[in-house]
Undergrad: 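This is the structure I have questions about; it appears just below.
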Amino acid sequence: MREITLSQAVNEALAEEMRRDPTTFIIGEDVAEAGTPFKVLSGLVEEFGTARVVDTPIAEPGFMGIAVGAAMTGARPIVDLMFGDFIFLIMDQLCNQAAKTHYMSGGRLSVPLVLRTNMGATRRSAAQHSQSLHALVAHIPGLKVAMPSSAYEAKGLMKTAIRENNPVVIFEDKLMYNDKAPVPEEEYLIPFGVANVLREGTDITLIGTSSMVQVCQKAAEILAAENISAEVIDPRTIVPLDEEGLLKSARKTSRVIVVDEGHQSYGVTAEIASRINEKAFYYLDAPVLRMGAMDVPIPFSPALEDITVPTPEGVAANARKLMSGEMIHAA
Amino acid sequence: MREITLSQAVNEALAEEMRRDPTTFIIGEDVAEAGTPFKVLSGLVEEFGTARVVDTPIAEPGFMGIAVGAAMTGARPIVDLMFGDFIFLIMDQLCNQAAKTHYMSGGRLSVPLVLRTNMGATRRSAAQHSQSLHALVAHIPGLKVAMPSSAYEAKGLMKTAIRENNPVVIFEDKLMYNDKAPVPEEEYLIPFGVANVLREGTDITLIGTSSMVQVCQKAAEILAAENISAEVIDPRTIVPLDEEGLLKSARKTSRVIVVDEGHQSYGVTAEIASRINEKAFYYLDAPVLRMGAMDVPIPFSPALEDITVPTPEGVAANARKLMSGEMIHAA
Amino acid sequence: MSPAKNTKTNSEEYLRMYTQMVRIRTFEDNANQLYLTAKMPGLTHMYSGEEAVAVGICEALTDDDKITSTHRGHGHCVAKGANFKQMFCELLGKEEGYCRGKGGSMHIADQSHGNLGANAIVGGSMGIATGAAFTAKLLGKDDVTVCFFGDGATAQGLMYEVMNMAALWNLPVIYACENNGYSEYTRTEEIAAGSITARAEAFGIEAHQVDGQDVLAVNTLAQKLVARARNGEGPFFIELMTYRYHGHHVGDINREYYRTKDEEKHWKEERDPITLFSAWLTKEGIATSEELDAISAGVKDDAKTAVEYALAAKYPDISEVDMHVYAPTDPASLTVGG
Amino acid sequence: MSPAKNTKTNSEEYLRMYTQMVRIRTFEDNANQLYLTAKMPGLTHMYSGEEAVAVGICEALTDDDKITSTHRGHGHCVAKGANFKQMFCELLGKEEGYCRGKGGSMHIADQSHGNLGANAIVGGSMGIATGAAFTAKLLGKDDVTVCFFGDGATAQGLMYEVMNMAALWNLPVIYACENNGYSEYTRTEEIAAGSITARAEAFGIEAHQVDGQDVLAVNTLAQKLVARARNGEGPFFIELMTYRYHGHHVGDINREYYRTKDEEKHWKEERDPITLFSAWLTKEGIATSEELDAISAGVKDDAKTAVEYALAAKYPDISEVDMHVYAPTDPASLTVGG
Ligand SMILES: Cc1ncc(C[n+]2csc(CCOP(=O)(O)OP(=O)(O)O)c2C)c(N)n1
Ligand SMILES: Cc1ncc(C[n+]2csc(CCOP(=O)(O)OP(=O)(O)O)c2C)c(N)n1
Ligand SMILES: [Mg+2]
Ligand SMILES: [Mg+2]
């Protein structure tokens, strides 16, 4: 199968869906001629014109609000938020307006909208351009949240997101834009709420989101060399969350590590870990371990930044601890 | 001891600290003559004048930003955010600026600032005036988060918050403003990060935040009548979290329910539950149960709103389940 | 008052405007009564005194045209064509309400008439209104959107962000600032520096100030600007000078600390939009005062019936609590080639 | 160019301005070189071409006066008095940097000279600057704050929110809009409707437009406005017309799709602030071109030494990673009577 980058995969998904549905449009900063600083959108304005690939002033709350209104009145906006860190600027429009409109109107209005943004540290971009803020939006009922872990996932999830009748937030890992993966030429969509088992295993389950899926995969390889059989699962969407899929694996292996690049405290790992603890408690041989980013603003200095996020070695080390029963003494 | 309302307790804390420190000031909408819609600040402008009790236009991001700048340059702002739901409007100033400034400047700048706001449903205020959004700020390193559960707590925590050299967010439950509690005339402060055991027990631990502490207390009474001995704990601050205090109780009772009024998914109960699961796993006889608000926007209709939040009866029912071993079959 | 059109041929329109204003006032009187008798859950914000604004503007709109409304939204809702029954049901949290009781006063919406909803975030609907106008332009439809908001909302930065884009893209949106002199308990002078209309003009947006108590003046201006916006000449900005008779919300009773009884009296007695318009209607011979009284009486009856209906109507079933969190998506559309 | 003061008695000031402009240009050339040779982590935004703005304004300020800066912040930092060593250390993420390597180019701050920091959120420091001015008023200090931001940042609603409050409360803040014709890859005309200065004026704020390549014009205006702001006559707004020579950031090399080489050439050759000023200095007899060359050479040496120092300096110890998340609070102050 051909291999394309995550960036190309997103671009293809957008182009296909924009061809399919003339009510879709892209809105954001430097999305047209510049194709965004990450060049993900290159070529789209040439095909769809500036009426549907709309450059905005630097006014995130404003264009997010415009997208909400457009979605309520028959259009399908795809909002491009240049950095995930800017989500703080649009929280009101996203969480007080978009997320609640369908419910508050008793089902009479809806907001079919995609917010494309990114996440991920270790790019030396410092504290305001490196955050992974998906836990915040996952906490707000009315929003769906997708976290593609490869080019293949990015394309399939994006296409589903655009066809969804609800506000969907997609977090792309900005360090993965140039990562290639096999992506079929034929159309495909990836349904929301169905976890993907990337690697089967029997001793321990590694649940990873976004780029942490690769981290888990690498950890599984390290562990395999030590005769520890790790199962690797990608929830794909954290809202809806495929609870059953995760529980099934947890019940099978009886040991679980959850890895995510958001800050650990009050983050995504807590939700997944506590659901597993709650619903697979009597199957577990050890507590579910969580590995998120450190609870510190992301530092600029390379010497510091690299140690703030989970690594394959770190995951493997924790897996060994769980296998050896070391946690018993710790707990 | 005299009894005063939570509202009076906050008012006293502010007055005492504003007398103590001339660099403190209050800023927000209708805080001066009107004393806020909840009348919590009545009388302060008369004592401290409009230079220190500052009415603003309806511009939450703006006055939050001004507070950050004031805090960085030698003042101690106390920001009044009329409804906790508006926190979505100020997330950038709070989370990208206030929370990170000390770290980003390598410790050279600091932001001693208090953000007073509220939370709590069942006031028939509908989806945009009823949210309990403390989980969001708890996820952001650099912020401290206090959740007073009574007039006594509100006064003591507020005084500590104002003296803290960091941005602190205090969530008052707007339904508790008129609730009275014994509050000493003498000065006192409540340290951050020290949980409060309100009731000792041996069978089960009920951890509650804010008004959920009363819910847990009532549940404990119901359970006591059934010879179930419940311990009730209030973490007081969720950042910093008194992990040791909570673990101690969990290890003693071996059964835990965590109750919080934020949405359950990706909320505060997940963090507390998973820390206990992780660190007291081998002491637990049953999975830690979580009870948050339902994962729905808060509905206006009284018929619906009341069932969205945890109740004493609901907590007691879950406690019975945990005691009877019913969870074993569920899990 | 100066009429927009020939008084004779337009008497039907004038009487409709009159009726709509009376309907708003009557709706509010009943809502206030429901609050005072503790029959209504929560709080609500009364529109009484500002009727000429909503009616003057909405009478210039078609059902395809959109509006966005505010926390003080009953007036806009009535003016845009909503019926009393569904409105009172909504205010009381009943299943037959416009939002099945889930929204209440602060979120009442009426999609069938293009009312995209009240909003409990001051300024929160400015993006939505601008976005509705964006849709019209994108899809080549000719509807116009009016964004209602208060003087207080002009302090929200969102307004300047969306005005900038509306101006750059010539969107068919009209920003209608209801300047009632107060935001909550604060006078407008204390919270608005400079000039409100100049702020719009600085973005290249044509701005007008109009007497918001004169329904004909409002309607005449609105007719013109709506036609021009439909024609691609938008956006526009209107500042409508008006007054709210009640407190900020129904519970704001003792308000002398922020405004005098004399001031309130002056507006009610000298500047009431309904009294002014009824005087004009009788003077111009469009209706007799008996005819106008009959209109009022009919509206009162309507309201009474609707209130009784709503009080007796049922609450949504508790199973509705987690319905409508997410809109359904047709599964077929989520498949290849779908 | 027209001087602010008598040329003879002020020659020291002029030469200081000249030196500061050269320091900025030299700093940027070195930073760019570090990037191109892959010695600098991350990205950075060059200030070259805009030197007269930062220097003209900061030379009108004292060390007690505050500034807030932007993502394009090296110029402001140098102009406000920072030294090369700590700056380069910061850009390279070293412990001796102004922020111990934790902030980097986009967060560089220098509290000792009143630089409250660069900001990676466009418009993000507008509240901070206004708040610094608020502190001055609250505590009765007479310092003035200058808020630097780009033309692109004028699209952020926050600006209008804080300008409104600054105007209502007469705060000693000066909003300095560096209009370099572009925000990222987009021309200002495409993202700014109407007039930028009129937007400030609509809030009752006195606004000026000035040639940002003429350091004397900038400085003369800044001197006047700073004095008046100190005197309680603020706030003020200045739009400074300028140009950035490099791409949006150091990696933005192929930029002909959004601006022509001719345009860049025109600004560099005809409108360079350093060239213009050096011509004036020699014409007025304040310095010979040899003297100016000597200044440049000295600055270059400084920069070279600083770069070498920074390259050799050590990174923060990894134990620093969770230091400075929270500022310490003296435990004594958290006790009764404390
Ligand atoms: C973002 C936000 N801030 C504050 C409030 C509280 N609040 C509700 S109405 C109001 C005053 C609004 O004034 P104005 O816009 O003039 O409308 P009016 O009430 O006069 O019609 C305020 C401050 C709110 N609902 N939303
Ligand atoms: C809130 C926010 N939106 C977008 C960006 C990405 N961004 C960085 S600089 C920039 C352009 C800023 O333009 P301008 O304010 O004119 O400053 P200049 O770069 O021209 O100095 C943009 C869009 C950002 N950093 N912050
Ligand atoms: Mg008003
Ligand atoms: Mg610019």
Side-chain angles (χ1 to χ4, degrees), chain A residues 60-61 85-97 99-100 103-104 126-128 131 133 135-136 138-142 238-239 241 262-263 265-275 277-284 286-290 294-297 299-300 327-328 330-331, chain B residues 60-61 85-89 91-97 99-100 103-104 126-128 131 133 135-142 238-239 241 262-263 265-275 277-284 286-290 294-297 299-300 327-328 330-331:
Chain A
E60 289 82 4
D85 312 68
F86 307 161
I87 211 160
F88 286 132
L89 285 158
I90 60 163
M91 287 296 267
D92 178 62
Q93 291 298 316
L94 181 65
C95 301
N96 274 334
Q97 312 295 344
K100 296 179 173 41
Y103 192 86
M104 292 191 305
Q128 294 173 342
Q131 296 167 88
L133 297 172
L136 300 184
H139 184 51
I140 305 303
I238 54 171
V239 180
L241 182 68
H263 296 300
S265 287
Y266 301 95
V268 163
T269 60
E271 180 65 26
I272 296 180
S274 49
R275 289 214 203 176
N277 277 312
E278 188 164 324
K279 296 188 178 156
F281 186 72
Y282 297 98
Y283 294 85
L284 295 177
V288 179
L289 280 196
R290 306 151 57 199
M294 288 181 74
D295 291 327
V296 305
F300 166 71
M327 298 302 298
I328 302 186
Chain B
E60 288 82 2
D85 311 67
F86 307 160
I87 212 161
F88 285 133
L89 286 158
M91 287 297 268
D92 178 61
Q93 292 299 315
L94 181 64
C95 302
N96 274 335
Q97 312 295 344
K100 297 179 172 43
Y103 192 85
M104 293 190 305
Q128 293 173 342
Q131 294 168 89
L133 297 171
L136 301 184
V137 288
H139 184 52
I140 305 303
I238 56 172
V239 180
L241 182 69
H263 296 300
S265 287
Y266 301 96
V268 164
T269 60
E271 180 65 26
I272 296 179
S274 50
R275 289 214 204 176
N277 277 312
E278 189 164 323
K279 298 191 177 154
F281 186 73
Y282 297 97
Y283 294 86
L284 295 176
V288 179
L289 280 196
R290 304 152 57 200
M294 288 181 72
D295 290 328
V296 305
F300 166 70
M327 297 302 299
I328 302 186

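Proteins come first, then strands; the chains are lettered A, B, ... in the order of their sequence lines, and each starts at number 1.
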Undergrad: Might you point out which heavy atoms bring B/A127 and A/K100 nearest each other, and give the distance in Å?
TA: O-CE, 3.2 Å
Undergrad: Between A/C95 and B/F88, which heavy-atom pair has the shortest distance, and what is it?
TA: CB-CZ, 3.3 Å
Undergrad: Measure the shortest side-chain to side-chain distance between A/K279 and B/P287 over non-hydrogen atoms and say whether it is less than 4.5 angstrom.
TA: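 The answer is no, as the side chains (C-beta and beyond) never meet within the 4.5 Å cut-off.
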Undergrad: Would you say the ring centroid of A/Y103 lies under 6.0 angstrom from that of B/F300?
TA: no
Undergrad: Pick one of side chain, backbone, both or neither for A/V268, based on which atoms fall under 4.5 Å of a heavy atom in chain B.
TA: both
Undergrad: Are the side chain of A/N96 and the backbone N or O of B/D85 linked by a donor-acceptor pair below 3.5 Å?
TA: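 At least one qualifying donor-acceptor pair exists.
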Undergrad: Between A/P299 and chain B, with a heavy-atom cut-off of 4.5 Å, which part of the residue counts as in contact: side chain, backbone, both or neither?
TA: both
Undergrad: As an exercise, state the distance from CD1 of B/I140 to CG of A/D295, rounded to the nearest 0.5 Å.
TA: 10.0 Å
Undergrad: Does any non-hydrogen side-chain atom of A/M91 lie less than 4.5 Å from one of B/L136?
TA: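 Contact flag for B/L136/A/M91 side chains = yes.
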Undergrad: Sort out for me which of A/H139, A/M294, A/Q97, A/R290 touches chain B most, counting heavy-atom pairs under 4.5 Å.
TA: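 Top option by heavy-atom pairs under 4.5 Å: A/H139.
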Undergrad: Whether the side chain of B/Y266 engages the backbone of A/V239 through a donor-acceptor N/O pair (distance < 3.5 Å, no angle test) should be reported.
TA: no
Undergrad: Please find the pair of heavy atoms, one from A/E278 and one from B/V288, that lie closest to each other, and give the distance.
TA: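 Minimum heavy-atom separation between A/E278 and B/V288: OE1-O, 3.6 Å.
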Undergrad: Using the test ring-ring contact (aromatic ring centres under 6.0 Å, His included), find all partners of A/F86 that sit at least two apart in sequence or belong to another chain.
TA: A/F83, A/H129
